[in-house]
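Side chains included, hydrogens not; waters and symmetry mates left out as well; all remaining heavy atoms used. In the text below, chain A, chain B and the rest are named by the order of the sequence lines, each starting its count at 1. Everything quoted here is computed from the prediction, not taken from an experiment.
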Protein chains: 2
Amino acid sequence: MRPSKVKNNEAIAAIRDVFREQGFDGASLTLLAEATGLQRASLYHRFPDGKDGMAMAVIDNVADYLEREVFASLESGGTWQDRLGVMCEQLDAYYNGGQTLCLLSAFSFGSVPEQVRLKARRMIGRWQDCLVVLAVDAGQSEAHAQILAEQILVEIQGGLILATLMNNIAPFQRVLNRLPKLLSETSEHNPSG
Amino acid sequence: MRPSKVKNNEAIAAIRDVFREQGFDGASLTLLAEATGLQRASLYHRFPDGKDGMAMAVIDNVADYLEREVFASLESGGTWQDRLGVMCEQLDAYYNGGQTLCLLSAFSFGSVPEQVRLKARRMIGRWQDCLVVLAVDAGQSEAHAQILAEQILVEIQGGLILATLMNNIAPFQRVLNRLPKLLSETSEHNPSG
DNA sequence: GTCTATATTTTGATAGAC
DNA sequence: GTCTATCAAAATATAGAC
């Protein structure tokens with residue numbers, strides 16, 4: 001078969017970045033074509049389901065990345081500090097230090113296909129489960145680990161939104177920096193020994 | 001002049017809700033017209049600058065609301081607990097308990113006019129300033145109050161995103177519930193007496 | 001102030017040559 | 001696998017009657 005002009009992974013990364021900046025509805029086929037370096041018709045060859053298919057491919061791609069580079073580490077055998085450190089490094093790179101919004105929040109608005117929304121929901125649930133394991137290893141009770149895992153996701157998402165709104169990465173950086181303390185503090189409501 | 005079919009405030013509220021659900025680019029004139037009960041051409045009569053003008057009107061409207069119902073209280077003379085309580089009640093109502101996303105995050109994606117982005121930035125800055133006043137009154141040092149004010153905004157925005165992603169208002173409710181504790185805790189890095 | 005009708009551009013998507 | 005050309009639908013926006 002004819003050689004591809006652009007590798008599939010590169011195309012998906014470009015498409016992903018357009019979705020993250022423009023949201024689902026703002027990501028027009030023209031913008032997506034420009035970002036990939038392909039013509040619109042060529043995008044339909046790779047993604048026969050059009051924009052919906054691209055959104056699915058992108059979210060699957062992100063799920064694979066998180067599973068490989070973040071969740072695997074969170075569930076691995078090192079110290080909880082080291083595993084948290086790996087996550088923060090990965091997220092700092094993935095979100096460009098806080099200059100790039102999260103695909104999951106981009107897909108919270110507009111006419112995103114239901115299948116994509118469900119995959120996003122499963123992904124955030126899986127992420128929380130991994131963070132619960134981490135929090136338990138950090139000495140938290142199972143109940144409080146659930147709350148802490150949720151709070152970590154809240155702060156990451158909120159930190160990205162605030163960094164974008166303020167045009168300043170500091171809020172996101174401060175979120176990453178306070179995660180170790182958050183996990184090591186004991187709660188008076190949920191003492192964990 | 002001919003009587004208005006719909007009051008301006010009602011129209012703006014309807015437009016605002018469409019923007020919050022659909023984002024800027026997902027909010028088509030057709031959707032906006034349906035939500036207001038007006039025809040597209042009538043929207044252009046009220047907002048000669050079209051969608052950009054509607055976004056401006058909406059963000060001005062939200063700025064007025066926050067100033068009146070939230071910031072005024074944060075800077076008032078009651079106890080910090082009472083003033084925080086007022087803010088949480090107002091936000092809980094405004095965000096529908098966590099079922100509705102924030103206009104500010106909706107306007108973080110896509111082809112939002114630069115003027116609107118700047119107004120959003122000023123609004124979040126003003127909000128942070130008011131929260132700093134609150135945190136200082138809660139006994140925090142000026143430096144730590146800045147950080148706490150930022151964290152509160154981070155958690156509110158993140159809580160809304162997570163509640164939407166998970167289709168569950170609990171994360172947002174937990175954010176509101178932990179704000180009093182957040183403000184009353186002393187930081188070892190920034191002791192405030 | 002609201003409406004119907006219409007103009008224009010952009011969008012998502014397909015057909016078919018190479 | 002990529003492209004040019006094209007389509008139908010939907011988008012933003014305007015004109016003018018009432």
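Here A27(B) lies in heavy-atom contact (under 4.0 Å) with sugar-phosphate atoms only. Looking at heavy-atom distances under 4.0 Å, A11(B) makes no contact with the nucleic acid at all.
Closest heavy-atom contact between R83(A) and S73(A): CG-O, 3.0 Å. The two atoms that bring L29(B) and L43(B) nearest to each other are O-CD1, 4.2 Å, heavy atoms only. Nearest approach of G159(B) to V175(B), heavy atoms of both residues: CA-CG2, 4.1 Å.
Nearer the 5' end of DNA chain D, as judged by each residue's closest nucleotide, is the contact made by F24(B), out of R2(B) and F24(B). The residue among T30(A) and P3(B) whose nearest nucleotide of DNA chain C is located toward the 5' end is P3(B).
Residues from residues 34-59 of chain A placing a heavy atom under 4.0 Å of any atom in DNA chain D, listed by number, are L38(A), Q39(A), A41(A), S42(A), H45(A), R46(A).
Distance check: L38(A) CG to I15(A) CD1 gives 8.0 Å after rounding to the nearest 0.5 Å.
A cation-pi contact links R20(A) to Y94(A), judged by a cut-off of 6.0 Å to the six-membered ring centre and 45° from its axis.
Between the P atom of dT10(C) and the CG atom of D25(A) lies a distance of 18 Å, rounded to the nearest Å. Between L29(B) atom CG and dA7(C) atom C1' there is a gap of 15 Å when expressed in whole angstrom units. As rounded to whole Å, 13 Å separates atom C1' of dT4(D) from atom NZ of K5(A).
Salt-bridge annotation for E75(B) and R126(B): present, with a side-chain N of the basic residue lying under 4.0 Å from a carboxylate O of the acidic one.
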